[in-house]
Amino acid sequence: MRAYRLNGAAAPLKRVEEADLLPGPGELLIELKATTLNYRDLIVREDRYGGDQRADLVPLSDGAGIVAAVGDGVSRDRIGERVAIGFMPKWTEGLFSAAKQDGALGGGFVDGVLAERIVVPAGGVARLPDDWSFVEGAAYPCAGVTAWNCLFGGRGIRPGDTVLVEGTGGVSTFALQFARAVGARVIVTSSSDEKLAEARKLGADAGINYRETPDWGIRAAEIAGGEGVDHVVEVGGSGTLNQALQAVRLGGEVSLVGVLTGFGGDVNTGAILMKAISVRGVYVGSVSDLSAALRTGVRPVIDEVFSFENADEAFERLRSGRHRGKVAVQIAA
Ligand SMILES: NC(=O)c1ccc[n+]([C@@H]2O[C@H](COP(=O)([O-])OP(=O)(O)OC[C@H]3O[C@@H](n4cnc5c(N)ncnc54)[C@H](OP(=O)(O)O)[C@@H]3O)[C@@H](O)[C@H]2O)c1
């Protein structure tokens with residue numbers, strides 16, 4: 001089968017021809033059709049993700065395709081199922097654990113989905129709606145599930161709540177769409193007025209350019225009506241968290257998702273305490289969360305689809321920061 005492997009941060013990905021895979025007991029062989037990229041894939045490629053990592057890993061975590069074969073103990077009826085693969089296929093449901101995290105695709109020592117086929121546990125996939133493309137399905141496993149988990153995995157947002165979404169990348173665009181789907185108001189921040197205008201077309205009620213308005217947290221609280229927003233989807237990390245804490249209302253919730261401005265840093269612990277804010281770390285979610293996210297019926301925003309031959313260009317597109325929504329690679333027709 002054809003696959004790509006990492007080849008150092010600066011060099012193009014290495015195209016390889018490898019032996020075909022066979023599913024073992026309790027496993028599925030998936031014929032991959034599409035994949036999409038996440039910010040994580042950039043930092044894995046640059047070996048900045050943290051922890052030990054195999055140097056020639058098959059990159060990318062988010063795949064969709066067709067069940068092509070099954071191992072012993074799995075019903076042959078599953079052959080032909082159209083599926084999206086869980087980001088952590090061993091985390092089928094329930095509480096998070098180290099053993100479940102261990103299987104995260106396309107990072108550490110676990111090969112990912114930039115290949116024609118992959119073997120995963122039989123419980124590691126969710127069925128795609130019949131009329132969805134594989135690119136749409138492949139948009140969900142990391143960004144879609146993370147956004148869904150932020151908004152519904154904790155106390156859960158309600159119609160009429162105000163949600164602040166930072167940026168217009170993969171996770172944030174999903175969060176905007178999910179929040180609108182339940183009737184919440186959405187405030188979006190972005191570095192670009194053009195992207196804010198696009199976010200409004202998707203239903204955002206207000207936008208703030210975070211470059212022009214460095215105190216965007218205070219501005220968001222004003223827009224929300226004084227007390228602050230009910231929920232923040234915090235993708236920025238150390239450089240944005242304190243603004244997020246300014247934006248959120250007393251008793252509100254901040255979902256801590258991202259590291260775009262780095263790990264660590266000073267945190268306004270006083271604000272968390274005095275405003276009784278719930279800060280909830282989110283690490284993607286389970287396969288059961290993936291099924292729930294797909295059931296929302298929210299069709300993902302796809303930025304651009306690259307061919308398998310041009311996979312390197314997909315990485316460049318994501319690195320450019322010009323994308324809105326998900327950057328995809330079509331692996332097979
Ligand atoms: N914890 C988890 O489970 C999990 C899952 C998925 C992703 N993540 C993390 O979440 C973050 C976003 O991931 P992604 O895949 O959605 O990334 P992405 O598609 O590359 O989007 C990144 C977007 O973030 C915005 N941004 C960049 N710097 C910002 C800043 N200082 N303040 C506000 N927004 C900023 C930009 O929006 P504009 O261009 O509009 O300015 C950019 O388009 C990353 O740190 C990623 O590692 C975590």
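Whatever order the structure lists them in is the order used to number ligands and atoms, beginning at 1. Quick note: residue numbers are just sequence positions, from 1. Computed from a prediction, not measured in an experiment: that's the story for all the values here.
With F134 as the aromatic partner, R82 meets the cation-pi criteria of under 6.0 angstrom to the ring centre and within 45 degrees of the ring axis.
R2 pairs in a side chain to side chain donor-acceptor pair (under 3.5 Å) with only one of the listed residues (E17, E309, E18), which is E309.
L32 and V70 fall within a single hydrophobic cluster, where Ile, Leu, Val, Met, Phe, Trp and Tyr side chains are chained together by heavy-atom contacts under 4.5 Å.
Ring centroid separation for the pair F174 and W148 does not come in under the 6.0 Å cut-off.
The backbone N or O of I43 lies less than 3.5 Å from no partner atom in the side chain of R48, so there is not a single donor-acceptor pair.
Contact between K100 and K90 at its shortest, heavy atoms only, is CG-O, 3.8 Å.
Protein residues with a heavy atom closer than 4.0 Å to ligand 1 are N38, Y39, C142, T146, G167, T168, G169, G170, V171, S190, S191, K195, Y210, V235, T240, V257, G258, V259, L260, T261, V282, Y283, V284, L318, H323, listed by chain and number.
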